Undergrad: 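I am attaching a structure below and will ask some questions about it afterwards.
Not measured: the values here are computed from a predicted model. By convention in this document, chain letters (A, B, ...) are assigned in the order of the sequence lines, proteins followed by strands, and residues within each chain are numbered from 1.
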Amino acid sequence: MNPIVYYDKLDDSISELASLLRLSSSEVILCSYNRKTLLDFVYQTLKDSADMDFYEIFYDENVDLVENISLIRERIGYKFHRIIGEISRQKVVFSVFNLEKAFDRKESIDKLNLFRDFFMRIENSVLIWIEDRFIDMLSSQAPDFWRIRTKVFVFDETEILNSIGIAWCKRKDYKQGLEYFDNALSKNPKDPLLLFNKGIALGDLTSYKDALHYIDESLALHEDSSDRMGIARDFFAKSIIYYNLSRYNDTKKLLYDVVDIVKELESSEGRSRHTKSLKKQIKDFVKQIIEKATTFSNLRNLVEDF
Amino acid sequence: MAATRAETLNDGFGSLSIESSTAGFYTNLYVKRTDSPINNLINDIINDPSYAKILFSGHRGSGKTTELYNLQSLLQERGFFVVFVAAITDMKTYDLYYTDLLLALIKKSIELLSLQPMKQDKKLRKKLEEQLMQLAGELVKEDVLETKKGFTLKAFATWIGLFFGREATTKTTIRSTAEALTNKIISTFNNMISSVEETLAQKIVIIVDDLEKTTTEDRMIDILLNHANVIRDLKCHIVLTIPPSLLYSPRFAEVAMTYGTTYFLPPLLVRKKDGSRNNQQIGIMEEIVRRRISDKIISTSIVQFAAEKSGGLVTDFTRMLKLGINYASNDGESQVSQRHLQSAFNTLRNEYDRGIQGDQYLLLENVHRTKNGNKDQDFRNLLFHLRILEYSESNLSWYDVHPAIEALLKQRDHKKPL
């Protein structure tokens, strides 16, 4: 049994971005990435997650920045979008791609400052997708434009590879999933999130000894950084592996520990989607094991008021 | 605009996006700042026997535009007629020349002709229109000659508007023509202004906001110094915005001597020089939120935390609150918690870290420790990009790093080998 939900950090960012788009009506949001070939995956995940109409605008490298902004203005000004939005009753969001071409053309990026008011007054939110290496230049060369951003969402390569790995694992193709986790780990070997997910995938493949090794590595890193949520996830993962190895006392002990941590987190920091999600996973797991073995019956009290 | 306070995260988020240019803003949402130099600025205008030329500066996000709109409304209450020029919107140029400013003023003066009292005095209006059309005839050359027959005053105003968006070569040609006609443009503008003042029985004040965003610091100095006579010759009160980094330019002493007082709008002094909290100024920031959002969504302690961490910059303050609201909403909660606001501050901290070179941290550490500034390029650059903020306390200036930078300095300190 392995009811663990893989931990997808990209999903966190996408969920936060989708929530921001739901709240906002005219925000300028920057989305940075460091590997263009992975951008489609992120964008598609966002579109699947947010219930909105997305319109793409591509920076035209054949004309200058000012002309491009005029084209953006023209596209956004189309009544067509509003009509479609009214019919579908969905928010309309514009995505601007390829702004980096302006940097390639060595354009004076400071011109963007002039369009601050234009971007601020658009009646829709605008996502500007741009390679991460240009973000610093944008902040220093177009400070007025930079000031109107609501947030910069950074879509890191390893997070995307991790997310693709999870997608494969969800299709039960653990081998492919592990390939993606390993690829990401080759770039960032000390990422507890990747080690955790690799451990979960190995658990799914019933390689429990290897699974424990990776979860323990993740746990050590989480302990180093005092990441209580990470520690809670690691404990829960270990408790399941112990269950699968029929080490029931260890399972129970870790479940008590993880419940304590989650309670402590909620009392000190308040509830979060992470604590809520982990609580649900723990409750589901406990419910299943209580039905299977009487030794776990006293766990009923543990999760009752949890 | 509703004066009711938001009771949901969704409404709270939207209420923080309302701009100072929105109708009803000053009635319902504006919070008076005790540290604003606006009243002194008004006194300068009232007491100047000729025409005051005033420079106004402040960090990005410190609330300059809000205070300038407030200035507009206070001057109107005192019987002045105010022309507000939003440089970015009205001029759309990133390489401003002094002639561009003159053309923008001519365009504004054409708009004054459509005021009801001006329309009524047909004789005067005709005379002024003739003067403007004569100027148009000399300024607008070959490119519209063919259509000159149907070239009206309205078309002239449109032509000026379009000028700002033209390609560089055409702009240069028009600028040279305008340069040669500088005296004529000024006298036409002055005639217009004095006629309007006489007809309305009101003195005119022109406020040019965001001027500093339309050109480089060097070009700004060129306009203010090398063409100071042009600005001086305009027969109306003028308030011009300049970037704060200009105040530390080696040439600023010359600029200051040429103009009247330069006013600086500091960030709100949320923390005093000795590091203690300034509850009075934090209270002003709190009031900005309380006019919009109920404490059911964001508690007082969280608003105060955001105020302190914003360094007194209103835009950073509202941005952090908006991000906090989003974190709460994403968690499925109905109230912003301390953790949500801490996450918002972490975002701000990470974004302030961008673009800082390793050796600049030494300078930042030094400023944080000594609270002193200098005129080095690096210092001015960091000031320009808000990594360093200038505060004013009992009319004395001092400096500190933005709280986001302070957090980064602490982080770096922890990582240093013992």
Undergrad: Restricting to ring-ring contact (aromatic ring centres under 6.0 Å, His included), what partner residues turn up for B:Phe379, sequence neighbours left out?
TA: B:Tyr399

Undergrad: Suppose we screen for ring-ring contact (aromatic ring centres under 6.0 Å, His included). Which residues come up paired with A:Phe119, at least two apart in sequence or across chains?
TA: A:Phe145

Undergrad: What pairs with B:Thr172 under side chain to side chain contact (heavy atoms under 4.5 Å, CB included), at least two apart in sequence or on another chain?
TA: none

Undergrad: Please report all inter-chain donor-acceptor pairs (under 3.5 Å) between chain B and chain A, with distances to 0.1 Å.
TA:
from     : atom 1 : to       : atom 2 : distance (Å)
B:Ser17  : OG     : A:Glu27  : OE2    : 3.4
B:Glu19  : OE1    : A:Arg121 : NH2    : 3.4
B:Arg60  : NE     : A:Asp144 : OD1    : 2.4
B:Thr89  : OG1    : A:Asp117 : OD2    : 3.2
B:Asp210 : OD2    : A:Arg116 : NH2    : 2.9
B:Thr315 : OG1    : A:Arg147 : NH2    : 2.5
B:Asp316 : OD1    : A:Arg147 : NH1    : 3.2
B:Asp316 : OD1    : A:Arg147 : NH2    : 3.3
B:Arg319 : NH1    : A:Thr150 : O      : 2.8
B:Lys322 : NZ     : A:Glu27  : OE1    : 3.2
B:Lys322 : NZ     : A:Glu27  : OE2    : 3.1
B:Asn326 : OD1    : A:Ser19  : OG     : 2.5
B:Asn326 : OD1    : A:Leu20  : N      : 3.0
B:Asn326 : ND2    : A:Glu16  : O      : 3.1
B:Tyr327 : OH     : A:Glu16  : OE2    : 3.4
B:Tyr327 : OH     : A:Lys151 : NZ     : 3.0
B:Asn330 : OD1    : A:Ser15  : OG     : 2.6
B:Asn330 : ND2    : A:Ser15  : OG     : 3.4
B:Asp331 : O      : A:Lys276 : NZ     : 2.4
B:Asp331 : OD1    : A:Arg273 : N      : 2.8
B:Glu333 : OE1    : A:Arg271 : NH2    : 3.4
B:Glu333 : OE2    : A:Lys276 : NZ     : 3.0
B:Arg339 : NE     : A:Glu269 : O      : 3.1
B:Arg339 : NH2    : A:Arg271 : O      : 2.7
B:Glu351 : OE1    : A:Arg149 : NE     : 2.7
B:Glu351 : OE1    : A:Arg149 : NH2    : 2.8
B:Glu351 : OE2    : A:Val152 : N      : 2.9
B:Tyr352 : OH     : A:Arg147 : NH1    : 3.2
B:Arg354 : NH1    : A:Asp136 : OD1    : 3.2
B:Arg354 : NH2    : A:Asp132 : OD1    : 3.0
B:His385 : NE2    : A:Ser140 : O      : 3.0

Undergrad: Considering only heavy atoms, which portion of B:Ile356 lies under 4.5 Å from any heavy atom of chain A: side chain, backbone, both, or neither?
TA: neither

Undergrad: Using heavy-atom distances under 4.5 Å, tell me whether B:Leu313 contacts chain A through its side chain, its backbone, both, or neither.
TA: side chain

